[in-house]
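The sequence lines fix the lettering, A, B, ..., with proteins before strands; numbering per chain opens at 1.
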There are 2 protein chains.
Amino acid sequence: MKVAKQSSDKKLTLIDVAVAAGVSAITVSRVINQPEKVSEALRQQVQKAIDMLGYIPNQYASSLASSKSKVIGVSIPSLSNVVFTDVLRGVYDVMGTAGYKVLLVDTHYSPLEEEKMIRTLLSQSPEGLIITGGDQTRTCHNLLQKSRVPVVQIMELLNEPLDMNIGFSHWQAGYDVVTHLMEEGYERIGFIAARMDPRAQQRMLGFKKALENAGKSWKNFIVTTPEPSSIAVGGELFKSLLASTDGTVDAVFCVNDDLALGALFESQRMNINVPGDLAICGFNDIEASRFVNPSLTSVQVNRYEMGVKAAEMIIDRLNGKMDQPKVVDMGYQIKRRQSSTNR
Amino acid sequence: MKVAKQSSDKKLTLIDVAVAAGVSAITVSRVINQPEKVSEALRQQVQKAIDMLGYIPNQYASSLASSKSKVIGVSIPSLSNVVFTDVLRGVYDVMGTAGYKVLLVDTHYSPLEEEKMIRTLLSQSPEGLIITGGDQTRTCHNLLQKSRVPVVQIMELLNEPLDMNIGFSHWQAGYDVVTHLMEEGYERIGFIAARMDPRAQQRMLGFKKALENAGKSWKNFIVTTPEPSSIAVGGELFKSLLASTDGTVDAVFCVNDDLALGALFESQRMNINVPGDLAICGFNDIEASRFVNPSLTSVQVNRYEMGVKAAEMIIDRLNGKMDQPKVVDMGYQIKRRQSSTNR
DNA sequence: TTGTACGCGTTATCAA
DNA sequence: TTGATAACGCGTACAA
């Protein structure tokens with residue numbers, strides 16, 4: 001026997017609302033999705049029933065029927081890196097107001113895990129995908145291409161984007177940092193990096209090339225570790241660099257600001273004068289870099305805006321605007337601060 | 001005319017795979033979801049077809065039919081606050097390995113927005129929900145209760161949890177910080193805070209109570225702003241506090257580490273000796289606090305573990321383990337460092 | 001403006 | 001172990 005208790009265990013459906021409001025199911029559907037197509041009177045009547053019952057539409061049924069998921073998949077390598085969460089904020093803010101849900105996955109910097117995660121995302125029939133960088137597995141690229149879902153690859157400029165692409169040249173930024181240091185008169189420039197993603201690799205290649213172009217060797221002046229980046233690791237790497245260069249290094253390019261802060265704090269403890277005896281340069285320009293003493297030279301990128309733009313690129317595509325550029329260079333800016341100037 | 005091209009535009013379905021493998025749809029379904037119920041031979045045959053076609057199941061159809069979404073909803077106030085992303089990592093790591101997808105929403109610290117977001121989450125038929133704190137709207141609480149979805153409220157201990165709850169007492173932590181400062185001999189203790197969420201409020205109440213219990217007044221010793229927290233704002237608030245106390249303040253309890261770093265960096269620029277002339281104490285114990293010079297006293301909480309535990313509480317519930325505790329006190333620890341000791 | 005019939009892709013149920 | 005059939009809850013297409 002079917003009893004229509006208000007707080008029954010059964011899930012509320014369109015039909016329950018329809019019965020309560022004395023209309024048909026499709027009318028309730030319209031009140032929710034295309035209210036302008038329902039007369040004022042009925043709309044209110046139905047809305048009242050919806051509120052009274054506390055009805056919440058079943059998104060699965062809706063998506064299945066309409067083949068519209070209103071879901072955007074996002075894949076980032078790490079949740080604990082402000083670089084990615086900054087971009088995420090931009091994505092969320094745009095997607096949220098545009099009525100899209102964001103399904104976020106964390107790949108832990110592993111292409112294999114990323115492939116698994118992207119399978120997960122695809123099984124949700126996302127209308128768009130925002131993924132980080134270009135080092136996906138071959139299988140993953142195939143899946144993405146076959147899916148025909150709009151994809152934006154973010155964070156770096158790629159040689160062969162799958163579809164759309166927004167980022168900047170990490171290679172050039174690395175090159176420019178070294179150039180800046182040399183212009184400031186530093187001559188023995190070291191490089192420290194922790195677990196390197198493809199973007200960190202690019203920065204390092206830019207670093208090497210700049211030194212080579214200046215006729216310098218980087219032998220013994222690069223110290224890395226497979227550990228993840230942190231302030232602690234930055235301090236350790238810095239000490240290693242000092243050791244491997246017999247203390248002759250006079251500038252350190254740190255592949256990110258966490259490492260740079262670690263190097264700076266460590267040099268403070270060692271009574272090394274920054275920038276007098278040593279220049280330090282970071283990457284990403286997190287807030288602390290601007291306020292620490294001495295303030296830290298770093299490479300600034302508009303990450304939030306990158307997220308916003310990536311989201312907009314997806315939305316434009318979904319709205320049929322096919323004339324938009326598929327590749328966007330966000331650029332970057334070297335913020336010259338005390339740690340590498342005023343020598 | 002229906003043609004079965006391999007790279008047709010039509011989406012692949014179970015049936016396409018079934019046809020390719022020469023079995024029925026339900027068998028393909030079983031290969032994917034309950035492989036042990038299919039004979040070895042058929043399983044391989046079907047798996048080959050799946051791989052060849054690059055079939056990806058439609059999660060909406062699956063969820064609709066099984067009324068299992070394998071989705072967990074998570075609601076946090078901010079994506080740009082490491083406090084929440086730390087917890088998130090724990091949630092993602094556990095949920096990921098348990099085969100759940102995480103639908104994450106950002107409420108921007110607004111209960112109204114949160115209500116909207118939680119509606120969104122509920123429309124995805126989540127099997128569990130992890131939400132931040134207890135200041136949801138009345139309507140939101142009703143929705144949650146009606147939904148009968150397992151809910152864990154995180155970050156703080158609540159008087160009346162909706163369901164499950166994990167966190168710690170921010171009030172007590174605030175009280176303890178002040179006690180610590182007084183034990184170290186500081187007597188004129190100030191408090192600075194930016195836009196305060198309920199947890200920051202609790203810390204402030206603990207601060208006030210501790211001063212009152214010591215027979216002290218906090219008049220003029222509290223400076224706040226509705227802006228969001230940042231290092232920059234920390235510096236500003238610190239200067240305001242100096243002004244409002246005529247420079248007599250000898251210790252500052254900052255409601256979080258960002259503000260504390262701002263206060264510290266600012267006092268360095270003003271040549272104020274920390275901890276000699278001034279103690280600084282933060283909250284959350286982010287990594288920088290441990291490494292900055294002088295190192296910063298702060299309140300440490302195992303946020304990652306909190307996320308892990310919250311996820312496990314949901315999963316236990318889903319697995320029918322009803323005997324688990326519904327409230328978990330994560331506790332906290334005051335990390336006494338240079339900024340408030342060695343006076 | 002409102003309603004009817006049907007299909008979306010999968011799984012539960014039951015039967016073979 | 002495998003398969004046929006009927007849901008799942010909603011939206012589309014079309015009709016009234």
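The salt bridge (Lys or Arg N to Asp or Glu O under 4.0 Å) analysis of residues 112-126 of chain A, with sequence neighbours excluded, yields the pairs A/E115-A/R119.
Between the NZ atom of B/K37 and the P atom of D/dG3 there is a distance of 15 Å, rounded to whole Å. The distance between atom CD of A/Q124 and atom P of C/dG9, rounded to the nearest whole Å, is 16 Å.
Remark: B/D86 pairs with B/V82, B/R89, B/R303 by the side-chain contact (heavy atoms from CB on, under 4.5 Å) rule, at least two apart or across chains.
Ring pair A/Y109/A/F84 is perpendicular by interplanar angle, where above 60° counts as perpendicular and below 30° as parallel.
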Intermediate values then yes/no, side-chain hydrogen bond (donor to acceptor under 3.5 Å, both in side chains), B/T27 and B/S24: CA-CA 5 Å; B/T27 301; B/S24 73; 3.3 Å; yes
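In this structure, the separation between CG on A/L79 and CG on B/L88 is 5.5 Å, given to the nearest 0.5 Å. Taken from OG1 in A/T137 to CD1 in A/I118, the straight-line distance is 8.0 Å, to the nearest 0.5 Å.
Within the structure, a side-chain polar atom (N or O) of A/T27 is placed less than 4.0 Å from OP1 or OP2 of C/dG3.
If you find the closest nucleotide of DNA chain D to B/L64 and to B/V23, the one lying nearer the 5' end belongs to B/V23.
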Footprint string (nucleotides 10-16 of chain C, 5' to 3'): B base within contact, S backbone only, - free, heavy atoms under 4.0 Å: BBBB---
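Among the heavy atoms of the strands, none lies under 4.0 Å from B/S67.
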